[in-house]
Structure formats: C-alpha cells, structure tokens
Amino acid sequence: MEYKAITGENFYYQELKNAARYLMRNPNLENMREVFKEEDILDCTSESNFQKKFLAINKRVKHLTEELMYQLVNGDSNTGRFITLYTILCAERFLLEFLDEVIGDKYRHYDYYLKESDIVAFMNLKAEQSEVVEKWSESGKKKMIVKIKNFFSEGGYLYKEEEKLYKIVRPVILSEIIDEMKKEGNRSVVKAMLY
C-alpha cells in the first residue's frame, strides 16, 4: 500500500452506510457505479461529486464483511463510525501509520493529548522517509493535516479541546465487531485501532 494524499476525500459515514444498506439488499449487484448513480445512493449534488464519493466508497466497501455491513447499518453511530474508520485505514497507509505511530504511541505512554505540532512532526518525518510524501505540495500537506484531524475526530479517536489541542480517546466497541474484523479482515489495522 503506497502513500496517497487523500485531500479530496471526506469521512463519508452516511454514504458508506447507505451503500452497505443497498448492498445487503442486493448482494449480487453487477454494476455498482451505474446503480448507485441512477438511484442516488450516495446523495450527490453533481456528477463530479458522485465521482469523488464513489471512488472513496468503492475502495472502502471492499473491506466490509456481511456482518460488518449489518453492524454499520443497524448499530449505533459510534459503532458505525468505528467501522467506517476501519475501512479507511484498510485503504490508506498514511492514516494507518499516523494512528499507530502517533496516536497509539502517545496513548501507550499515557500522553492523552495531541497537538497540531505532533501532526506536523509526523508529516515531516514521513517526507524524510518517502519521496512520495516529500513531493506533496505545501498546500497538499496542510490539507492532509486537516484530513487527519477530521478523520480521527469523526472516527471517535480525537476530541477537540482547544484550537490546536485534541484529547486522545479509545472508542469502546462491542467485542463481536472486533472479533469479526480479526477473523475476516485486516489484523494489522485492527491491532493499530486497539493500540
């Protein structure tokens, strides 16, 4: 999995939930792009909005088992957001490494606060380690910093305390969901999500 600047993507919890609901009812769907567009499953405002949402949802939905789809659709919003973040982390190496190397490391060392400077330091470290990240524009890096804060806030791992200060929390999730992810999914992602 290579590093990608996902500056155009959003968390898309409701869109992933809508997609899962539709796929549960239509498990043998042949042309997902066409059907989702025709039936406006992703609640889009334009053709370009559909393209952007569909690309993100299409790569995420591949990481959902039937049980995870069911929990996403029928569980509470904390569960749904956890599952959504799981699908994002399965597809996005940069975010997965941030969770493991920054949030998880701080939590394991009893440091429950994340400053914007921690995110900038991570970005600089990855730019030193990877030519791909090094080539990202300054505006692209700034957008990725915003995306990091947004994804982990919406996923239940960060709570904004002040302008540039976030509290790190560990979501409480049913053991059945964790077991399903370990059994049928990406174990390294689950391990990172559980610190």
Side-chain angles (χ1 to χ4, degrees), residues 1-99 103 119 123 132-133 135-137 139-158 160 171 173 177 180-181 184-186 189-190 192-193:
M1 192 169 30
E2 63 186 47
Y3 293 122
K4 291 178 280 192
I6 53 167
T7 57
E9 287 187 23
N10 290 314
F11 196 71
Y12 297 138
Y13 162 61
Q14 190 59 52
E15 290 83 351
L16 186 64
K17 186 174 179 175
N18 293 348
R21 181 179 291 115
Y22 193 87
L23 292 171
M24 285 172 59
R25 293 180 186 145
N26 304 280
N28 299 319
L29 187 63
E30 296 272 329
N31 192 340
M32 192 165 70
R33 176 186 288 271
E34 216 171 270
V35 173
F36 277 26
K37 184 176 179 182
E38 185 177 300
E39 299 197 24
D40 197 23
I41 301 300
L42 304 180
D43 192 28
C44 299
T45 56
S46 67
E47 174 69 28
S48 64
N49 184 243
F50 173 78
Q51 295 298 339
K52 184 168 61 168
K53 284 184 178 183
F54 183 79
L55 287 173
I57 296 302
N58 189 39
K59 69 182 172 183
R60 294 176 191 179
V61 79
K62 294 173 184 174
H63 301 285
L64 293 174
T65 63
E66 285 181 34
E67 179 61 24
L68 291 179
M69 279 191 207
Y70 178 83
Q71 293 294 339
L72 175 64
V73 170
N74 298 300
D76 63 30
S77 69
N78 288 338
T79 299
R81 290 178 182 283
F82 184 83
I83 292 170
T84 300
L85 184 61
Y86 167 78
T87 65
I88 293 167
L89 296 174
C90 285
E92 305 301 339
R93 176 182 173 190
F94 192 80
L95 295 174
L96 177 60
E97 288 181 7
F98 179 81
L99 175 61
I103 294 177
I119 304 172
M123 183 73 69
V132 173
V133 177
K135 290 179 182 176
W136 291 352
S137 68
S139 67
K141 289 177 183 176
K142 286 179 183 174
K143 287 178 185 173
M144 278 300 290
I145 289 171
V146 170
K147 292 298 177 182
I148 286 169
K149 293 185 287 190
N150 290 346
F151 283 135
F152 288 106
S153 293
E154 290 189 57
Y157 282 81
L158 296 177
K160 190 173 188 176
I173 301 298
I177 293 167
E180 175 71 12
M181 288 176 174
E184 301 293 335
N186 188 324
V189 170
V190 176
M193 292 181 83

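Basis for what follows: all heavy atoms, side chains included, without hydrogens, waters or symmetry-related copies.
Leu55 places a side-chain heavy atom less than 4.5 Å from the side chain of Arg33. Considering only heavy atoms from C-beta on, Met32 comes within 4.5 Å of Leu23 through its side chain. At least one side-chain heavy atom of Tyr22 sits less than 4.5 Å from a side-chain heavy atom of Val35. Two residues are said to be in side-chain contact when any heavy atoms from C-beta on lie closer than 4.5 Å; Ile83 and Met69 fail this criterion. In this structure, the side chains of Asn186 and His63 stay at 4.5 Å or more apart for every pair of heavy atoms. Put simply, the side chain of Leu99 reaches to within 4.5 Å of the side chain of Met193, judged on heavy atoms. Counting heavy atoms from C-beta outward, Leu16 and Leu64 have side chains that approach closer than 4.5 Å. Side chains of Trp136 and Met123 form a contact here, defined as non-hydrogen atoms less than 4.5 Å apart.
Taking CD1 from Ile119 and NZ from Lys149, the interatomic distance works out to 5.5 Å, rounded to the nearest 0.5 Å. Rounding to the nearest 0.5 Å gives a distance of 6.0 Å between CD of Glu15 and CD1 of Ile57. Taking CD1 of Ile41 as the start and CZ of Phe50 as the end, the distance is 9.5 Å to the nearest 0.5 Å. For the atom pair OG (Ser139) and CE (Met144), the distance works out to 12.5 Å, reported to the nearest 0.5 Å. Separating the CG atom in Leu95 from the CD atom in Glu97 is a distance of 10.0 Å, to the nearest 0.5 Å. One finds the NZ atom of Lys52 at 8.0 Å from the OG atom of Ser46 (value rounded to the nearest 0.5 Å).
Between the Asp40 side chain and the Cys44 main chain, a donor and an acceptor come within less than 3.5 Å of each other. Remark: the backbone N or O of Thr84 is not paired with any side-chain donor or acceptor of Tyr12 at under 3.5 angstrom. Judged by distance alone, the side chain of Tyr70 and the main-chain N or O of Met24 form no donor-acceptor pair under 3.5 Å. Using modelled atom types, no side-chain atom of Asn18 and backbone atom of Leu42 make a donor-acceptor pair closer than 3.5 Å. Of the possible donor and acceptor atoms, none in the side chain of Asn26 sits under 3.5 Å from a partner among the backbone N and O of Leu29. Without hydrogens or angle criteria, Asn58 side chain to Phe54 main chain gives no donor-acceptor distance under 3.5 Å.
Using a 4.0 Å cut-off between a side-chain N of Lys or Arg and a carboxylate O of Asp or Glu, Glu92 and Lys147 do not qualify as a salt bridge. At a threshold of 4.0 Å, the pair Glu9-Lys59 counts as salt-bridged, since one of the basic side-chain nitrogens sits closer than that to a carboxylate oxygen.
When every heavy atom of Pro171 is checked against every heavy atom of Gly156, the shortest pair comes out as CG-O, 3.5 Å. The two atoms that bring Gly140 and Ser137 nearest to each other are N-OG, 2.9 Å, heavy atoms only. Smallest separation of non-hydrogen atoms from Leu85 and Gly155: CD2-CA, 4.1 Å. For Ala192 against Leu96, the heavy-atom pair with the smallest separation is CB-CD1, 3.7 Å. Among all heavy-atom pairs drawn from Arg60 and Asn10, the shortest one is NH2-O, 2.9 Å. When all heavy atoms of Lys17 and Val73 are compared, the closest pair comes out as CE-O, 3.4 Å.
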task = Could you walk me through whether Asp43 and Gln14 pass side-chain contact (heavy atoms from CB on, under 4.5 Å), step by step?
result = CA-CA 9 Å; Asp43 192 28; Gln14 190 59 52; over 6 Å; no
message = Using side-chain contact (heavy atoms from CB on, under 4.5 Å), reason through Phe11 and Phe152 one step at a time and then give a plain yes or no.
response = CA-CA 9 Å; Phe11 196 71; Phe152 288 106; over 6 Å; no
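Neither side chain, Asn150 nor Ser153, offers a donor N or O lying under 3.5 Å from an acceptor on the other.
When each of Ile6, Val133, Leu89 is paired with Phe94, the side chain to side chain contact (heavy atoms under 4.5 Å, CB included) condition holds for Val133 and for no other.
Counting heavy atoms of neighbouring residues, nucleotides and ligands inside a 6.0 Å radius, atom CD of Glu34 does not exceed 12 of them. Annotation: Glu66, atom CD; neighbour count of heavy atoms from other residues, nucleotides and ligands within 6.0 Å does not exceed 12. In the displayed structure, Glu2 atom CD is contacted under 6.0 Å by at most 12 heavy atoms of other residues, nucleotides or ligands.
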